[in-house]
K.L.:
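First the structure, which I've put down as structure tokens, then a few questions once you've had a look.
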Amino acid sequence: MSIPTTELVIFDTTEEVRNDCSILSPAFEIVSKSDGIQMPAYVGTQIENPARGYVFMNWDSLAHHQAMLESPSYATLLEVLNPAYGGWSKMYHVIFNAHTIAFQQPVTEVLLLAIENPDHRTEVFDILTKISDSTENMLVFGPTLENENVIIVVGGWQSVEAHWQMVANPEPKAALERLYTLANKDHLFHSTLTPFMGK
């Protein structure tokens with residue numbers, strides 16, 4: 001099975017969705033009827049700051065997602081999402097280096113890297129590939145389809161503490177120190193994601 005195009009939406013949450021993320025169920029019912037969607041969708045608030053939230057959805061291709069955005073059901077989808085939407089959002093699309101199981105873990109790390117010097121892309125990818133391979137793809141990454149110098153990394157962990165303990169070890173610590181000299185760490189937070197099947 002080919003690796004899907006993953007949509008990531010980072011958004012400001014409302015008190016309603018922070019109290020009960022199931023208010024999003026009607027939205028995922030709508031999305032689940034779209035051609036090319038690979039359910040489940042995953043939603044969670046940020047552990048460090050619950051006023052920020054995440055949605056991950058897998059699509060057969062970017063074109064399938066764009067077709068949904070242009071469909072008549074999109075206006076209805078926006079109405080249904082309104083109680084959860086706090087006024088700001090940013091959408092990305094990425095094809096990860098491997099199938100991810102990070103979304104099903106107790107804690108999912110969400111890291112956005114920005115490469116300022118494109119000459120550093122190869123080394124950044126080499127570092128991330130070694131980390132991904134060492135975690136047996138529990139951590140995956142890919143450049144966004146919108147900007148190849150913005151990299152999305154997601155990792156699955158048993159807890160936030162387990163993440164910090166692992167990266168404190170000498171080998172990953174040295175790799176990450178080098179990585180952060182080559183790319184800006186624009187966003188590094190965690191979430192506990194809830195799956196929504198729809199249909």
K.L.:
Leu8, Leu69: one ILVMFWY side-chain cluster at the under-4.5 Å cut-off?
P.N.:
no

K.L.:
Less than 4.5 Å apart, any side-chain heavy atom of Val17 and any of Tyr85?
P.N.:
no

K.L.:
Does a side chain donor of either Arg18 or Thr45 reach within less than 3.5 Å of an acceptor in the other side chain?
P.N.:
no

K.L.:
Is a side-chain donor or acceptor of Ser132 paired with a backbone partner of Thr129 at a separation under 3.5 angstrom?
P.N.:
no

K.L.:
If you count the non-hydrogen atoms of other residues, nucleotides and ligands that lie under 6.0 Å from CG in Asp35, is the total more than 12?
P.N.:
no

K.L.:
I want to check something: taking the side chain as every heavy atom from C-beta on, are His187 and Ile10 in contact at a cut-off of under 4.5 Å?
P.N.:
yes

K.L.:
If we only count heavy atoms from C-beta on, is the Val31 to Met57 side-chain gap below 4.5 Å?
P.N.:
yes

K.L.:
Which ILVMFWY residues are connected to Ile101, directly or by a chain of links, through side-chain heavy atoms under 4.5 Å apart?
P.N.:
Met138

K.L.:
So do the side chains of Asn49 and Phe189 get within less than 4.5 Å of each other, counting heavy atoms only?
P.N.:
no

K.L.:
Measure the shortest side-chain to side-chain distance between Thr100 and Ile3 over non-hydrogen atoms and say whether it is less than 4.5 angstrom.
P.N.:
no

K.L.:
Would you sort out whether His65 and Met91 count as a side chain to side chain contact (heavy atoms under 4.5 Å, CB included), showing the intermediate values?
P.N.:
CA-CA 12 Å; His65 184 213; Met91 183 186 300; 3.5 Å; yes

K.L.:
Has Thr192 got a side-chain atom pairing as donor or acceptor with Pro106's backbone, closer than 3.5 angstrom?
P.N.:
yes

K.L.:
So, does Thr108 use its side chain to make a donor-acceptor pair with the main chain of Gly156 at under 3.5 Å?
P.N.:
no

K.L.:
Give a yes or no on whether the backbone of Asp119 and the side-chain of Asn117 come within a donor-acceptor separation of less than 3.5 Å.
P.N.:
yes

K.L.:
Should Met39 and Ile30 be counted in the same cluster of Ile, Leu, Val, Met, Phe, Trp and Tyr side chains packed under 4.5 Å apart?
P.N.:
yes

K.L.:
Which of parallel (below 30°), tilted (30 to 60°) and perpendicular (above 60°) describes Phe56 and Tyr54?
P.N.:
parallel

K.L.:
Kindly give the cluster partners of Val124, where membership spreads through any ILVMFWY side chain lying under 4.5 Å from a current member.
P.N.:
Ile47, Val107, Leu111, Leu113, Ile115, Phe125, Ile127, Leu128, Ile131, Leu139, Phe141, Ile151, Val153, Trp157, Val160, Trp164, Met166, Val167, Leu176, Leu179, Tyr180, Leu182, Leu188

K.L.:
Would you find a donor on one side and an acceptor on the other, under 3.5 Å apart, between the side chain of Glu48 and the backbone of His190?
P.N.:
yes

K.L.:
Going by atom types alone, do Glu146 and Tyr92 pair a side-chain donor with an acceptor below 3.5 Å?
P.N.:
no

K.L.:
For Pro143 and Glu148, which heavy atoms make the closest approach, and how far apart are they?
P.N.:
CB-O, 3.5 Å

K.L.:
Dump the intermediate steps for side chain to side chain contact (heavy atoms under 4.5 Å, CB included) on Tyr42 and Thr194, then the final yes or no.
P.N.:
CA-CA 5 Å; Tyr42 294 91; Thr194 301; over 6 Å; no

K.L.:
Mark yes or no for whether Lys130, through its side chain, and Asp126, through its backbone, hold a donor-acceptor pair below 3.5 Å.
P.N.:
no

K.L.:
So do Phe28 and Met197 actually touch side chain to side chain, heavy atoms under 4.5 Å?
P.N.:
no

K.L.:
Do the non-hydrogen side-chain atoms of Phe196 and Cys21 ever get within less than 4.5 Å of each other?
P.N.:
yes

